[in-house]
Amino acid sequence: MRFFFPDSQDQVDPTFDFVTEEHDPFRVRQRDDLYAHEVLTGAPFDGLLVSKAIVDGQVGSSAGKYTVAQRHRLYREGARRFFRLDHGHTPLKIMGDCGAFSYVSEVKPPYTVDEVIDFYHGCGFDYGISVDHVIFQYDPAASSEEAETQGWAKRQRITLELAEEFRDRCDARGVEFTAYGVAQGWSPESYAAAVEKLQDLGYRHIALGGMVPLKSRDILACLAVVKPVLKDGTEVHLLGVSRCDDVPKFAEGGVTSFDSTSPFRQAFKDDRDNFYTPSRTYVALRVPQVDGNAKLKARIRSGEISQGKAVELERQALDQLRRFDENDTDVESVVEALREYSDLWDGKSDRSGQYRETLTARPWRDCSCDLCKQHGIEIAIFRGSERNKRRGFHNLYVFEQQLRARQARKDPA
């Protein structure tokens, strides 16, 4: 089972100073910053997934996350050099898609097939996914009439028609990347029908889309119907779904690869599961910057609290955390400092119990990843993108370790 990590311009600055909170003044983002596969010994994934919507933006709307200069350099240098995929390890693969989530509200996809092929071919991707139109609804009991009325069947037809055109144009243009056809559906049977059609069109690499909001049991129900129609040698990619505990079951259902940002995003988007370990997750230690927290800034502007007091409590919390990592203070002193500052910037959630668990376990000390060994407790502090992204990279490392361990248990050979 191969794991692809979706690119969203997520890198860290190797020169960032955690004490002064300063970057090198001559730093150039992306060029000087490092990806997860560069800061960790051994990439925590098998490849990257790069979306056209992220790179180029949408037609007639705002640009993507890439600057004009970055976009031009990606096309000029190619993906392998731009993402530095051959950096000190087994070369990573790179997969491209359209970013169908970005135009889900449109009547039809905003890109032409040839525009998408130009993107894949121009960047030198290894795999390219056909243009698709997401169906978010899932209703196994829906009749064919209801599927038509709701517009689900139309979206499926659009996706299959574009997959046929994509296949034809790839053949005509003699592209070097491997083409994936997308199957969209609203039930196990509709997914299976789409997969059969794609195989009739000649696809032996198929991506299942629209499954992100589905529960694992629903995904497995779809795979149970899809697997019997798969021809020998057909590979299946699961778009946007990563649930480590279910990966072996997904593999039994015929899935050979998947992509997801979940382990990374949980580092700073989740309320509790911010720091991965092999046995459980921990909450990160929240110390927001005074000048970067909207609630706190509003209270300071209103005169409710003084900026000087806020800065004092912020520094006190950071000082206690660093002293703790040097065995110079105890857990309760740190928890009290975090609680006192939290009362100022939050005033609602008391995470003292969760902080106590994290501090008592000191999970960063038991981790073998390069980032935990280098940064210590700093990686467990919820504060700004440099720490949060490093914690996200750590989570990817642990997730990849868990994934390989589960696969090894499933297949001892």
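Residue numbers start at 1 and run along the sequence shown.
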- Query: Are side-chain heavy atoms of Phe275 and Ile379 found at a separation under 4.5 Å?
  - Reply: yes
- Verdict with reasoning, Arg31 to Gln70, per side chain to side chain donor-acceptor pair (under 3.5 Å): CA-CA 9 Å; Arg31 189 195 69 185; Gln70 289 171 343; over 6 Å; no
- Those residues at least two apart in sequence (or on a different chain) that pass ring-ring contact (aromatic ring centres under 6.0 Å, His included) with His205 are Tyr180
- Message: Restricting to ring-ring contact (aromatic ring centres under 6.0 Å, His included), what partner residues turn up for Tyr276, sequence neighbours left out?
- Response: none
- Do Thr234 and Gln199 get their side chains close enough for a donor-acceptor pair, meaning under 3.5 Å? yes
- Item | Modelled atom types, side-chain donor and acceptor of Arg339 and Ser352, under 3.5 Å | no
Are any of the side-chain nitrogens in [X] or [Y] under 4.0 Å away from the carboxylate oxygens of its partner?
X: Arg322; Y: Glu326; value: no
X: Asp10; Y: Lys389; value: yes
X: Asp97; Y: Lys52; value: no
X: Lys108; Y: Glu161; value: no
X: Glu332; Y: Arg356; value: yes

- Task: Going by the ring pair (Phe, Tyr, Trp, His ring centres under 6.0 Å) test, name the single residue among Phe393, Phe264, Tyr397 that passes it with Phe5.
- Result: Phe264
- Task: May I ask you to establish whether Arg280 and Tyr282 are in a cation-pi arrangement, using a distance under 6.0 Å from NZ or CZ to the six-membered ring centre and at most 45° from the ring axis?
- Result: yes
